[in-house]
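In what follows, a single structure is set out as structure tokens and then discussed.
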Amino acid sequence: MGVLTEGVDLSHAELALLAELAKGVTVDRVGRRLDISGRTVRRRLRGICDRIGVATAIEAVAWAARRQLI
């Protein structure tokens, strides 16, 4: 179950990951907070970026913020 925006469905876990990054939390700390490895955070973030059509984590956070998802 996720949030559908412009044909892109982001899960609540993916939005939580982006919200943590928006707060300025490092990738490794996000992993610890979400009980996953930093590598897994990076992999999930890459998947999010690919799905929404952006190149960087910063762009992904901005994309979600502009749509008031985070």
Side-chain angles (χ1 to χ4, degrees):
M1 314 233 186
V3 177
L4 185 64
T5 304
E6 295 177 14
V8 178
D9 190 21
L10 294 180
S11 70
H12 293 290
E14 290 169 328
L15 292 174
L17 188 152
L18 291 175
E20 287 296 314
L21 290 174
K23 295 176 191 173
V25 178
T26 66
V27 169
D28 291 328
R29 185 161 288 177
V30 169
R32 285 194 297 272
R33 287 184 180 181
L34 299 177
D35 200 30
I36 56 178
S37 73
R39 184 175 178 165
T40 299
V41 171
R42 288 179 190 87
R43 184 176 46 81
R44 289 182 183 177
L45 188 54
R46 180 76 261 144
I48 292 168
C49 289
D50 289 345
R51 287 206 332 263
I52 65 176
V54 298
T56 67
I58 293 169
E59 289 174 321
V61 167
W63 181 92
R66 280 193 302 270
R67 287 155 182 81
Q68 298 179 345
L69 300 174
I70 57 172

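Quantities reported herein were computed from a predicted structural model and do not represent experimental measurements. Nothing fancy with the numbering, it's 1 onward along the sequence. Computation of the quantities below employed the complete heavy-atom set of this structure, encompassing side-chain atoms and omitting hydrogens, waters and symmetry-equivalent molecules.
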* List the steps, then state whether side-chain contact (heavy atoms from CB on, under 4.5 Å) holds for Leu21 with Leu45. => CA-CA 10 Å; Leu21 290 174; Leu45 188 54; 3.7 Å; yes
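- In this structure, Leu69 CG and Ile52 CD1 are separated by 9.5 Å, a value rounded to the nearest 0.5 Å.
- For Arg33, the side chain to side chain contact (heavy atoms under 4.5 Å, CB included) criterion is met by Glu20, Val25, Arg29, not counting sequence neighbours.
- Going from atom CG of Leu10 over to atom CZ of Arg67 covers 10.0 Å, rounded to the nearest 0.5 Å.
- Between atom CG of residue Asp28 and atom CZ of residue Arg42 there is a gap of 5.0 Å, rounded to the nearest 0.5 Å.
- More than 12 heavy atoms of other shown residues, nucleotides or ligands fall within 6.0 angstrom of atom CZ in Arg46.
- Among the candidates Leu15, Val61, Val54, Leu18, the single residue satisfying the side chain to side chain contact (heavy atoms under 4.5 Å, CB included) test with Ile48 is Leu18.
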* To do: Determine, stepwise, if the pair Leu17 / Glu14 fulfils side-chain contact (heavy atoms from CB on, under 4.5 Å).
  => CA-CA 5 Å; Leu17 188 152; Glu14 290 169 328; 5.5 Å; no
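- The two residues Cys49 and Ala57 have their closest heavy-atom pair at SG-N, 4.1 Å.
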